[in-house]
Amino acid sequence: VFGKDITLILILSNLTSDRKTVKVDMSASTVLYTRRTVAEILKANTSVELGSKQGKHIRLKIPYSYYGKYLTTDKRIQVTALCEVLHTRGVKLLVEKTIILEDTNIIIKIPRRVVVNKAVTLEISYANPLPEPVSRCVLLVTLMNQQVKINLARLAARERSKIYFEFTPRRTGPLQLQVDFSCDKFSHIKGFVTIAVAPA
């Protein structure tokens with residue numbers, strides 16, 4: 001989840017009866033959705049002894065403090081591990097994984113029944129997922145082809161807050177509401193909901 005430390009586990013297994021020494025070079029980078037690297041955030045290497053038919057786990061931890069300021073709006077981190085079996089000729093294995101960090105920051109609550117031409121109040125809950133305070137918080141609410149910009153108070157570390165948003169739907173059928181939350185430490189945390197507007 002965005003704002004938290006990331007823990008990954010690489011599982012190595014020796015499928016032979018011979019003892020093996022494996023050198024592992026690991027790296028992590030923030031990337032765009034095109035896989036283009038933005039910044040390298042972690043490098044680590046280790047060697048592992050594997051006995052006959054033995055498996056071992058290698059744990060890799062990426063703290064938020066390593067990736068936070070380098071993350072783009074794509075919220076992607078690519079991790080690679082190059083595993084080389086020593087004392088053998090050219091036995092290498094490259095493992096890659098792209099992590100897409102989830103947002104759980106925007107929660108939109110709508111009444112059970114929404115009726116055309118009748119005012120309705122929504123509850124929009126938003127949060128700071130980071131272990132540090134954020135300021136210059138802004139919510140951009142898009143509904144019925146109109147945008148409303150709402151300036152918010154600063155949020156403490158891990159703080160959640162909410163606002164109430166009132167509007168009157170002018171037609172029946174599905175209506176999409178989109179919320180975009182930004183601040184000085186991150187931008188474009190999105191949430192959306194489809195509202196079914198019933199006839200009067």
Side-chain angles (χ1 to χ4, degrees), residues 1-10 25-45 58-81 95-110 120-167 175-195:
V1 176
F2 173 61
K4 296 190 176 178
D5 296 348
I6 300 165
T7 301
L8 301 168
I9 295 175
L10 175 67
D25 292 316
M26 294 175 285
S27 66
S29 302
T30 55
V31 294
L32 301 175
Y33 74 94
T34 58
R35 293 172 59 102
R36 189 167 73 95
T37 300
V38 176
E40 187 174 73
I41 53 175
L42 183 68
K43 263 183 108 67
N45 54 66
I58 300 174
R59 186 180 295 267
L60 180 68
K61 185 176 182 179
I62 309 172
Y64 165 73
S65 59
Y66 284 25
Y67 72 80
K69 62 184 176 183
Y70 299 111
L71 207 61
T72 70
T73 53
D74 294 334
K75 296 183 179 60
R76 290 173 185 251
I77 295 174
Q78 183 158 328
V79 181
T80 61
V95 180
E96 287 188 327
K97 181 168 182 63
T98 301
I99 302 162
I100 303 173
L101 299 177
E102 295 178 8
D103 294 330
T104 56
N105 300 338
I106 303 287
I107 299 170
I108 304 167
K109 291 183 180 176
I110 57 176
V120 59
T121 301
L122 309 176
E123 181 186 290
I124 301 173
S125 170
Y126 55 96
N128 171 16
L130 307 185
E132 57 187 335
V134 295
S135 57
R136 298 200 301 275
C137 302
V138 174
L139 270 185
L140 195 63
V141 181
T142 305
L143 180 69
M144 298 185 293
N145 297 321
Q146 292 187 331
Q147 285 189 333
V148 179
K149 182 179 178 182
I150 304 165
N151 293 312
L152 307 166
R154 71 196 300 275
L155 289 173
R158 312 281 189 212
E159 183 183 2
R160 179 169 285 280
S161 190
K162 59 188 169 187
I163 63 164
Y164 294 92
F165 183 80
E166 185 179 286
F167 75 100
L175 198 63
Q176 192 172 81
L177 174 131
Q178 183 172 311
V179 177
D180 189 311
F181 178 45
S182 296
C183 66
D184 64 332
K185 299 284 194 322
F186 56 82
S187 59
H188 304 305
I189 301 290
K190 295 181 185 293
F192 68 91
V193 68
T194 300
I195 303 166

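Only a predicted model underlies this, so the values are computations on that prediction, with no experimental measurement involved. Just so you know, these numbers use all the heavy atoms, side chains as well, and skip hydrogens, waters and symmetry mates.
Applying side chain to side chain contact (heavy atoms under 4.5 Å, CB included) to Tyr126 and the options Leu155, Val179, Ile189 leaves one that passes, Leu155.
Distance check: Thr121 OG1 to Glu166 CD gives 4.5 Å after rounding to the nearest 0.5 Å. To the nearest 0.5 Å, the span separating OG1 on Thr7 from NZ on Lys61 amounts to 5.5 Å. The line from CD1 of Ile6 to CD1 of Ile99 is 5.0 Å long, rounded to the nearest 0.5 Å. Going from atom SG of Cys137 over to atom CG of Asn151 covers 9.5 Å, rounded to the nearest 0.5 Å. We find the CG-CD1 distance between Leu139 and Ile124 to be 6.5 Å, quoted to the nearest 0.5 Å. Distance CG/Leu175 to CD1/Ile110: 10.0 Å, rounded to 0.5 Å.
Other residues, nucleotides and ligands place no more than 12 heavy atoms under 6.0 Å from the OH atom of Tyr66.
Residues that satisfy the side chain to side chain contact (heavy atoms under 4.5 Å, CB included) test with Ile9, not counting sequence neighbours, are Ile11, His57, Arg59.
Phe181 and Phe186 have perpendicular rings, their planes meeting at more than 60° on a 0 to 90° scale where under 30° would count as parallel.
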Worked check of side chain to side chain contact (heavy atoms under 4.5 Å, CB included) between Val193 and Leu122: CA-CA 11 Å; Val193 68; Leu122 309 176; 5.8 Å; no

Verdict with reasoning, Leu101 to Tyr67, per side chain to side chain contact (heavy atoms under 4.5 Å, CB included): CA-CA 11 Å; Leu101 299 177; Tyr67 72 80; 3.6 Å; yes

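Across Ala28 and Ile62, no two heavy atoms sit closer than the pair CB-CD1, 3.8 Å. When all heavy atoms of Tyr64 and Asp5 are compared, the closest pair comes out as N-OD1, 2.7 Å. Considering every non-hydrogen atom in both Glu132 and Ala157, the closest pair reads N-CB, 3.5 Å. Residues Gln176 and Leu143 come closest through the heavy atom pair O-CD1, 3.7 Å. Minimum interatomic distance between Pro133 and Arg154 (heavy atoms only, all atoms of both residues): CB-NH2, 3.6 Å.
Using a 4.5 Å heavy-atom threshold, the side chains of Gln147 and Gln178 count as separate. Taking the side chain as every heavy atom from C-beta outward, Thr142 and Asp180 never approach each other to under 4.5 Å. The shortest side-chain heavy-atom distance between Val38 and Leu32 falls under the 4.5 Å cut-off. The shortest distance between side-chain heavy atoms of Ile107 and Arg160 falls below 4.5 Å.
Under the side chain to side chain donor-acceptor pair (under 3.5 Å) criterion, the residue pairs touching residues 32-44 are Arg35-Glu96, with sequence neighbours excluded.
With hydrogens and angles ignored, the 3.5 Å screen pairs no side-chain donor or acceptor of Ser125 with any backbone N or O of Lys162. The closest donor-acceptor contact from the side chain of Asn128 to the backbone of Glu159 lies at 3.5 Å or more, if one exists at all.
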